[in-house]
Amino acid sequence: GQSQVWVFDAASSSVQPQAVRVARIDGNEAVIQSGLKAGQQVVIAGVHVLSAGQKVTVFQSKYDKSKDQPAAAAGNSVVAGDAAAAAAKP
């Protein structure tokens with residue numbers, strides 16, 4: 001089957017599914033070969049409860065001191081729902 005991730009659109013604070021090609025999966029990490037552009041934010045928690053166009057919020061840890069950094073560097077995550085799940089669904 002086709003793998004997809006949920007991409008966060010900051011302008012609308014919503015998510016859309018996007019097809020990706022997974023190069024490999026190592027434990028809880030997926031290496032995406034193609035389908036994403038540099039700087040795109042993907043949902044890493046709660047993906048099983050999302051629907052296209054759904055409004056979400058970006059989680060900011062109260063312990064995070066680097067709020068002005070890009071999501072990956074700052075440790076920010078786009079979350080929806082309560083349970084954690086892998087972003088790529090093989």
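Values below: all heavy atoms of this structure, side chains included; hydrogens, waters and symmetry mates excluded. All values derive from a computational prediction rather than experimental measurement.
In terms of modelled atom types and a separation under 3.5 Å, the side chain of Q54 and the main chain of S51 share a donor-acceptor contact.
Under the side chain to side chain contact (heavy atoms under 4.5 Å, CB included) criterion, A10 pairs with F8, not counting sequence neighbours. For S12, the side chain to side chain contact (heavy atoms under 4.5 Å, CB included) test picks out D9, S14, K55, with sequence neighbours left out. Scored by the side chain to side chain contact (heavy atoms under 4.5 Å, CB included) test, Q40 finds V7, Q18, L36, K37 as partners (sequence neighbours excluded).
Counting heavy atoms from C-beta on, the side chains of V47 and V42 never come closer than 4.5 Å. Under the 4.5 Å side-chain criterion, counting only non-hydrogen atoms from C-beta, V22 is in contact with I32.
Annotation for G53 and Q16: closest pair N-NE2, 3.1 Å, computed over non-hydrogen atoms. Shortest non-hydrogen contact noted between W6 and P17 is CZ3-CD, 3.3 Å.
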